[in-house]
Amino acid sequence: MKGFRPDKRKQEEGDAGSQFNLRVNLFFFSTFIIFCVIIIRLAILQFVEGPELKELETGGQVKNFPLQPIRGSIIDASGTPLAYSTPSQALYLTLLKDYSSSERGKKNRPEIEKLAEEMVKIFDQHGDPKAEKLTVDDVIKAMDLEFNKQPGYEPRRIKSELSTKEVAYFMEHKNEYPGLEVVEESQRQYNQDRIAVQTIGYLKEFRGIKTLEKYKEIDEQNKKQKDPGLIYTEQEKVGVDGLEMMFQDELRGKNGYIGIPINPQNMADGVPTMIAPEKGYNIHTTIHKDIQKVTQQAIMDQLKWLHANPVSGKTHPYAQTGYAVAMEVDTGNIVAMASMPDYDPNVWEFGTEDWETVMKYYGNGTISPYSSGRSGNNLESTVLLGSTIKPLSVLIGLNEKLFGPNDYYYDSGAAFFGKDNSRVQNSGGKSYGSLNARKAIEHSSNAFMVDWIGEKLYNKYGSESVGIWDKYMKKFGLGVSTESGLPKEHKGIIEYTNIEQAGSYLAAMAYASFGQSGKYTTLQLAQYASTLANQGERIRPQLASKIEDQDGNVVKEFKREVLNKEEFPQQYWNEVIAGMNTQGLRAFEDFKYDFARKTGTSEQDIYKNGSRIRVENGVFIAFAPRQNPKLAVAVVIPEAGFGSQSAAPVARKIFDAYDEIYGLDGTPHPKTNNDENKDGETE
């Protein structure tokens, strides 16, 4: 082939192969160099720069030390604080170095000891001369230099309740003492007059009450909470009863915190920043201190009087407790709620040597039988309502067409029912002769209730009569929550559903008809009386009128709230309310208002030294005036005898106190020197 040169072609192929090998070698060499550089850099990062980077990473963290929130006040209807937080100033120290017994800490020890000595001198010079003196050892101990109680970064509380001079000094010399901070704290205090102690409630540390459902939920939320101002601390005091618990979220406010930069040793590293706590809202309660004080004193005076003066032919030394609630008919506002005896609520903050006495009475007996006092024979605050049920019994009888308003029953003094011919007699065995519905209530005829209501309702409905009765009871607030919002409210004890105990459905209805088969709280009785006054409207008991922020702005107002409305013919209401006209109430002899009332004397059997003893509880409900009613009152005094002589005098004083401040006719009627003060002794 012309022009073909094999040697030259081989030479060209050899040159191309050499260039390819060179490139491959260069690629592998470059890759090797890059990997070497990466490995060396990683080694430098790990062994040379690693500790420094780690310190930068952790040193950039900020940990928050919470400051206790400042709780809002609970203020009565007259504007008087009943529960309030008094501000105090405390001195906190954030450790900026390690002062422990470690090698590093020992070098810094003289510095912190010198600071402790300086602080003691300042305390001695500017502190309250009456306050307990702190020593250098006390201050060193409070610093917790070995981190036994707190991590290194957390501020240590050195001294609480600083004097104004101490506060001024540390604020003025703030730059001279890095790490020292004056922090506002507060103490919870309660009105010295002991106003509605159990209704107001008390506080305990959060860590001790997490079993309560409300705080169990808060404890779970704490773990997810990102806002440090909303985190509950273990030492924070929270409401565990009464309004303190009912309005815990509103009263609490928001805790502040100190933001502390920390280093890898978990010590403060930099200047802390402080976010002040936000004070909680103020709760304006409907309770009026003057009406409340009269109510409390009236109960205690009446108990004393019952021990020395005969009621029902004998004195009543076992009447040791008393309960009363006053509820406005048109608003539902609770103006007085007394559970007596009570105690000094400041013991929760400052302690007492007599906790045994406190623990007997810290519960609110007007809403619960627990820890709210016991009568001499150990009776609870929830007692059988007795004859106070009779207005409702008659209303049920009329509505069920068991009889009419103009039908007459002959009362021979007793009623008999059942196969065994069980006998129920009137009080004292009195025979009232011919009675219509109105007069049956007025004379409190047990015989009428058994024969014409209990037995007739059973004859109409048979075994279903108990369920029918139960529905009526609950429509009037008996056996259900009043929905006041107070924690630990008891629903009462329903006994008429216990057919085995009663013996038969007929017997259950017979005993229920005159008030011997249900135990209810005083608040339930007050709501029941209010429902009668409102002619079937059951309204929510209100314990707060409004919530305000610290600038006086209204956050929320509480208005009248109807829970349920039961319709009955007006004629029935007229008969029942006219029948609430118990005669012979000496405590009300000169009362200037026509008012509706019903006394009750519930009987309970107790067993003492192997013998059965029957005791009588004083119960009383009323509302005034009869037309256009303004106030409903319920009073319960266990083991006090007839309600007309034991409980009614307390109610009279409550009505008088309300009339003086608000006016039962809408116009206040302040007392004059000529006014008589009706005491139990006038009975």
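Between I637 atom CD1 and S375 atom OG the span is 12.0 Å, to the nearest 0.5 Å. Taken from CG in N406 to CZ in R438, the straight-line distance is 9.5 Å, to the nearest 0.5 Å. Rounding to the nearest 0.5 angstrom, the gap separating the CD1 atom in I287 from the CE atom in M337 is 6.5 Å. One distance of note links CZ of R538 with NZ of K475; it measures 11.5 Å at 0.5 Å rounding. A distance of 9.0 Å separates CE of M509 from CD1 of I499, quoted to the nearest 0.5 Å. Annotation: the span from I367 atom CD1 to T199 atom OG1 amounts to 7.5 Å, rounded to 0.5 Å.
No side-chain heavy atom of E603 sits less than 4.5 Å from a side-chain heavy atom of L384. A heavy-atom distance below 4.5 Å is not found between the side chains of W348 and V240. Taking 4.5 Å as the limit, some side-chain heavy atom of L486 sits within range of a side-chain heavy atom of L243. Within the 4.5 Å cutoff, no side-chain heavy atoms of V466 are placed close to those of Y458. Side-chain atoms of L402 and W452, non-hydrogen and from C-beta on, never get closer than 4.5 Å to each other. For the pair L398 and F403, the minimum side-chain heavy-atom distance is below 4.5 Å. Considering only heavy atoms from C-beta on, F655 comes within 4.5 Å of F588 through its side chain. By the 4.5 Å heavy-atom criterion applied to side chains, I613 and N377 are not counted as neighbours.
Among S602, S444, S644, the one residue that satisfies the side-chain hydrogen bond (donor to acceptor under 3.5 Å, both in side chains) test with S387 is S444. Considering K471, K460, K456 as possible partners of E400, the one that fulfils the salt bridge (charged side-chain N to carboxylate O under 4.0 Å, His left out) test is K460.
E489 places no side-chain N or O within 3.5 Å of a backbone atom of L523 that could act as its donor or acceptor partner. The backbone N or O of E455 lies less than 3.5 Å from a partner atom in the side chain of N459, making a donor-acceptor pair. Under a 3.5 Å cut-off, the side chain of T599 and the backbone N or O of G643 do not form any donor-acceptor pair. The backbone N or O of G363 sits nowhere less than 3.5 Å from a side-chain atom of D241 that would complete a donor-acceptor pair. Panel note: side chain N617, backbone E639; a donor-acceptor pair is recorded below 3.5 Å. Judged purely by atom type and a 3.5 angstrom limit, Q248 uses its side chain to pair as donor or acceptor with the backbone of G239. Under the 3.5 Å distance criterion, the side-chain polar atoms of S368 are left unmatched by any main-chain donor or acceptor of G365. Side-chain atoms of R597 come within 3.5 Å of backbone atoms of F595 as a donor-acceptor pair (strictly under, hydrogens ignored). For Q198 (side chain) and S339 (main-chain N/O), a donor-acceptor pair under 3.5 Å exists by modelled atom type. Remark: side-chain polar atoms of T286 are paired, donor with acceptor, to backbone N or O of I334 under 3.5 angstrom.
Of the charged side-chain nitrogens involved, none lies within less than 4.0 Å of a carboxylate oxygen, so that D354 and K360 do not count as a salt-bridged pair. Of the charged side-chain nitrogens involved, none lies within less than 4.0 Å of a carboxylate oxygen, so that D659 and K630 do not count as a salt-bridged pair.
Shortest non-hydrogen contact noted between T366 and V325 is CB-CG2, 3.8 Å. Y572 and P405 make their closest contact through CE2-CG, 4.2 Å (heavy atoms, listed as atom of the first residue, atom of the second, distance). Residue P369 comes nearest to S381 through the heavy atom pair CA-OG, 3.3 Å, listed as atom of the first residue, atom of the second, then distance. Of all heavy-atom pairs between I577 and Q535, the closest is CD1-NE2, 3.8 Å. A651 approaches V633 most closely through the heavy-atom pair CB-CG1, 3.9 Å. When all heavy atoms of A502 and A507 are compared, the closest pair comes out as O-CB, 3.4 Å.
The environment of K293 atom NZ is sparse: at most 12 non-hydrogen atoms of other residues, nucleotides or ligands sit within 6.0 angstrom. Heavy-atom contacts from other residues, nucleotides or ligands closer than 6.0 Å to OH of Y318 number 12 or fewer. Counting heavy-atom neighbours within 6.0 Å of K314 NZ, excluding the residue itself, gives a total of 12 or less. Applying the 6.0 Å contact sphere to NZ of K491 captures no more than 12 heavy atoms from other residues, nucleotides or ligands. Within 6.0 Å of NZ in K430 there are 12 or fewer heavy atoms belonging to other residues, nucleotides or ligands. Crowding of Q570 atom CD: a count of heavy atoms from other residues, nucleotides or ligands under 6.0 Å exceeding 12. Taking a 6.0 Å sphere around OH of Y370, one finds it holds 12 or fewer heavy atoms contributed by other residues, nucleotides or ligands.
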Practice task
Go through the steps to decide whether H288 and Y662 satisfy the test ring-ring contact (aromatic ring centres under 6.0 Å, His included), and finish with yes or no.
Solution key: CA-CA 10 Å; H288 194 291; Y662 292 116; 5.7 Å; yes
Exercise for the section: Could you walk me through whether D665 and K592 pass salt bridge (Lys or Arg N to Asp or Glu O under 4.0 Å), step by step? Expected result: CA-CA 11 Å; D665 58 0; K592 62 184 179 182; over 6 Å; no
Handout entry: Derivation of the side chain to side chain contact (heavy atoms under 4.5 Å, CB included) call for V383 and K519
Key = CA-CA 5 Å; V383 301; K519 298 176 182 177; 5.7 Å; no
Practice task
Report the C-alpha distance between Y343 and V197 in whole Å, list the side-chain angles of each, state the deciding distance to 0.1 Å, and finish with yes or no for side chain to side chain contact (heavy atoms under 4.5 Å, CB included).
Solution key: CA-CA 7 Å; Y343 66 97; V197 169; 3.5 Å; yes
Problem - Chi angles and distances behind the side chain to side chain contact (heavy atoms under 4.5 Å, CB included) call for M245, Y215 - result: CA-CA 10 Å; M245 184 175 183; Y215 297 115; 4.2 Å; yes
Practice task
Please step through ring-ring contact (aromatic ring centres under 6.0 Å, His included) for the pair F623 and Y593, ending with a clear verdict.
Solution key: CA-CA 10 Å; F623 57 84; Y593 298 96; over 10 Å; no
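Pairs passing the side chain to side chain donor-acceptor pair (under 3.5 Å) check and including a residue from residues 620-629, sequence neighbours excluded, read N581-R626, D594-R626.
For the residue pair D420/S422, the side-chain donor-acceptor check at 3.5 Å is satisfied. Inspection of the Q542 and T331 side chains reveals no N or O donor paired with an N or O acceptor under 3.5 Å. Using a 3.5 Å distance cut-off with no hydrogens or angles, the side chains of Y472 and E566 do not pair a donor with an acceptor. A donor-acceptor contact closer than 3.5 angstrom is absent between the side chains of Q571 and E575. Side-chain contact check for D470 and Y496: at least one donor-acceptor pair (N or O, by modelled atom type) lies under 3.5 Å. Counted by atom type alone, D451 and Y409 present one or more donor-acceptor pairs between their side chains at under 3.5 Å. Counting only N and O atoms by type, the side chains of K439 and S445 include no donor and acceptor under 3.5 Å apart.
Partners of Q320 by side-chain hydrogen bond (donor to acceptor under 3.5 Å, both in side chains), not counting sequence neighbours: none found.
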